[in-house]
There are 2 protein chains.
Amino acid sequence: MNIQPLLNYIKNHVALTEAEEAILTSKVSYRKYLKGQFIVQQGDVCKYECFVISGCTKTYFVDDEGQEHIVMFSVEDWWTSDIGSFITQTPADFNVQCLENTELIMFSSDIIEDLYIEIPKLERFFRRIIERALVASQKRIIRSFSLSAKDRFLYFRNQYPQIEQRIPQYMIASYLGITKEFLSKIKSQIILEQ
Amino acid sequence: MNIQPLLNYIKNHVALTEAEEAILTSKVSYRKYLKGQFIVQQGDVCKYECFVISGCTKTYFVDDEGQEHIVMFSVEDWWTSDIGSFITQTPADFNVQCLENTELIMFSSDIIEDLYIEIPKLERFFRRIIERALVASQKRIIRSFSLSAKDRFLYFRNQYPQIEQRIPQYMIASYLGITKEFLSKIKSQIILEQ
DNA sequence: AGTAAATGTTAATCTAGATTAACTTTATTT
DNA sequence: AAATAAAGTTAATCTAGATTAACATTTACT
């Protein structure tokens, strides 16, 4: 089990002692998933918050018309979960599926509460992570209302050039809230402009 | 200073002792704003997270074309702030303006860090508040991608019937990401259907 | 290598919602 | 009670992006 990327990541936010790192390491679990497998399925109760060690996942939901909408991608050093389901222990709105073979560190809902008490610094750490996620989510709402599809795509390409490379274009279109045909049109338009 | 609504609100999440309530009360500040006044202005660094005791605010930003986009409304027992600016102490993206005379309890960025240390239960409290806000924000993204303007309006009307009553319609249109003319059309369409 | 499946492109047509503009109704101020 | 401003409505026209469908290219599988 390779937990070092998580420890490094935590180090950027709070300083854990070796003893605290040992407690953390003993409580979390490690798991490998294959490409195509589901970490969470819509309707299940989500039991884990997961830190991605390697690989890539998509978080999406299927609407009443059967349309798939991708809400986020997660790659190395990102988190993935249906946090709404996790914190309330109610059925998940989202599916989390692996787009590549993926290694995760998993925090179960039971042990995370213990960890908050044993290592209060971790409660601070998660508070900060969630604050950042909230800010990012609010900014995404702004973008969805104030930018055209083309500008949202350019923003995405600029912010996550690595992700654009490893994910099929029709999934990026879904993430941007447009059809794959229209993204194709946008891309050919961008090429013509250069 | 009427802090009781905040203490009641906190009670729903964590149990504070009388001593802890006294510490909290001594550290937060209380302020009244008049209708039209700004709690935060785009470009300023946001110094406070605010709990609304009475009144109503809108949080909005102005895009490059000068268009106003309302991100949220806050009424009694809600929070208001530019949380991105608050946590990073960088210039705010948003304006927060009072739509009515408004009474607030304000947590400054300095004292909130002290409070987390003095009363760790408050760090838990804020973590949970922020988790909920994140979930709400993610669900709003889903709705913006998967629902038509009409369905977003019906959802809003159903979730926040009190807010619909006290806010001008053109602001609700802005919150929904549509023009006031189109909201007007939607409403007359809904009336015809009944 | 050859076939099937997955992914991406192009173009014609259609529609939800924007824009513009003129008008009506409701609040506010004097 | 007028006058003025703010808020809401209606209708005509326009456009960003959806839908449909046929085709092209890339990737994976036997």
Side-chain angles (χ1 to χ4, degrees), chain A residues 34-37 56 58 60 62-70 73 97-101 141-157 163-194, chain B residues 34-36 56 58 60 62-70 73 97-101 141 143-157 163-194:
Chain A
L34 296 175
K35 181 173 174 173
Q37 287 186 317
C56 178
K58 65 170 172 177
Y60 69 98
V62 179
D63 70 19
D64 298 338
E65 272 95 55
Q67 274 255 302
E68 189 177 311
H69 301 269
I70 295 178
F73 300 110
Q97 188 179 19
C98 297
L99 300 178
E100 302 171 3
N101 294 343
I141 291 175
I142 292 180
R143 274 180 263 123
S144 84
F145 282 135
S146 63
L147 299 184
S148 67
K150 181 181 170 189
D151 287 345
R152 275 179 276 142
F153 171 63
L154 290 172
Y155 178 87
F156 175 82
R157 162 175 278 183
I163 296 185
E164 197 199 342
Q165 299 318 309
R166 64 203 271 199
I167 286 172
Q169 193 168 306
Y170 73 92
M171 290 190 193
I172 293 171
S174 170
Y175 174 83
L176 295 172
I178 59 177
T179 58
K180 61 190 194 331
E181 291 84 357
F182 192 57
L183 179 52
S184 200
K185 199 167 165 183
I186 286 170
K187 285 183 96 168
S188 64
Q189 207 179 307
I190 289 167
I191 290 165
L192 283 177
E193 283 166 10
Q194 287 160 352
Chain B
L34 295 176
K35 180 172 175 174
C56 177
K58 65 170 173 177
Y60 69 98
V62 179
D63 71 19
D64 298 340
E65 273 96 55
Q67 274 254 303
E68 187 176 313
H69 300 271
I70 295 178
F73 300 110
Q97 188 180 19
C98 297
L99 300 179
E100 302 171 4
N101 294 343
I141 291 175
R143 274 180 264 124
S144 84
F145 283 134
S146 63
L147 299 184
S148 67
K150 181 180 167 187
D151 287 344
R152 275 180 275 141
F153 170 64
L154 290 171
Y155 178 88
F156 175 82
R157 163 175 276 183
I163 296 185
E164 198 201 341
Q165 299 318 309
R166 62 202 271 198
I167 285 172
Q169 194 169 305
Y170 73 94
M171 290 191 191
I172 293 170
S174 170
Y175 174 83
L176 295 171
I178 59 177
T179 59
K180 61 191 194 328
E181 291 85 357
F182 192 57
L183 179 52
S184 200
K185 199 166 164 182
I186 287 170
K187 285 183 94 169
S188 64
Q189 208 180 305
I190 289 168
I191 290 166
L192 283 176
E193 284 167 6
Q194 287 160 351

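Letters A, B, ... are given to chains in the order of the sequence lines, protein chains preceding strands, and every chain is numbered from 1.
- Rounding to whole angstrom units, NZ of residue A/Lys185 and P of D/dA18 are separated by 10 Å.
- B/Gln97 places a side-chain N or O within 3.5 Å of a backbone atom of B/Gly36 that can act as its donor or acceptor partner.
- What separates CD of B/Gln189 from C1' of C/dT15 is a distance of 13 Å, to the nearest Å.
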When you look at B/Lys187 and B/Phe153, which way does the side-chain contact (heavy atoms from CB on, under 4.5 Å) test go after all the steps?
CA-CA 9 Å; B/Lys187 285 183 94 169; B/Phe153 170 64; 4.0 Å; yes

Mind running side-chain contact (heavy atoms from CB on, under 4.5 Å) on A/His69 and A/Tyr60 for me, showing each step along the way?
CA-CA 5 Å; A/His69 301 269; A/Tyr60 69 98; 5.8 Å; no

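- Using a distance-only test at 3.5 Å, with no hydrogens or angles considered, a donor-acceptor pair links the side chain of A/Ser144 to the main chain of A/Ile141.
- Note that the CZ atom of B/Phe182 and the CG atom of B/Leu176 stand 11.0 Å from one another [nearest 0.5 Å].
- Whole-Å rounding puts the A/Phe182 CZ to C/dG8 C1' distance at 16 Å.
- Per the geometry, NZ belonging to B/Lys187 stands 18 Å off C1' belonging to C/dG17, to the nearest Å.
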Its contact letters, B for base, S for sugar-phosphate only and - for none at protein heavy atoms under 4.0 Å, make nucleotides 20-30 of chain C read BB---------

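- Atom-to-atom, CD1 of B/Ile186 to P of C/dG17 comes out at 7 Å; the value is rounded to the nearest Å.
- At whole-Å resolution of the value, CZ in B/Phe153 and C1' in C/dG17 are 16 Å apart.
- Contact check of residues 165-177 of chain B against DNA chain C (heavy atom, cut-off under 4.0 Å) returns B/Gly177.
- One finds no side-chain N or O of A/Thr179 lying less than 4.0 angstrom from the OP1 or OP2 phosphate oxygen of D/dG17.
- Atom CG of residue A/Asp64 and atom CG of residue B/Asp151 lie 9.0 Å apart, to the nearest 0.5 angstrom.
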side-chain contact (heavy atoms from CB on, under 4.5 Å) for A/Ile190 and A/Leu154? Distances and angles first, verdict last.
CA-CA 9 Å; A/Ile190 289 167; A/Leu154 290 172; 3.6 Å; yes

Checking side-chain contact (heavy atoms from CB on, under 4.5 Å) for the pair A/Ile70/A/Glu68: CA distance, chi angles, key distance, verdict?
CA-CA 7 Å; A/Ile70 295 178; A/Glu68 189 177 311; 4.3 Å; yes

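- Across the protein-nucleic acid pair, A/Leu183 atom CG and D/dG17 atom C1' stand 12 Å apart, rounded to whole Å.
- Whole-Å rounding puts the B/Arg152 CZ to C/dA16 P distance at 13 Å.
- A donor-acceptor distance shorter than 3.5 angstrom exists from the side chain of A/Asn101 to the backbone of A/Lys35, with no hydrogens or angles considered.
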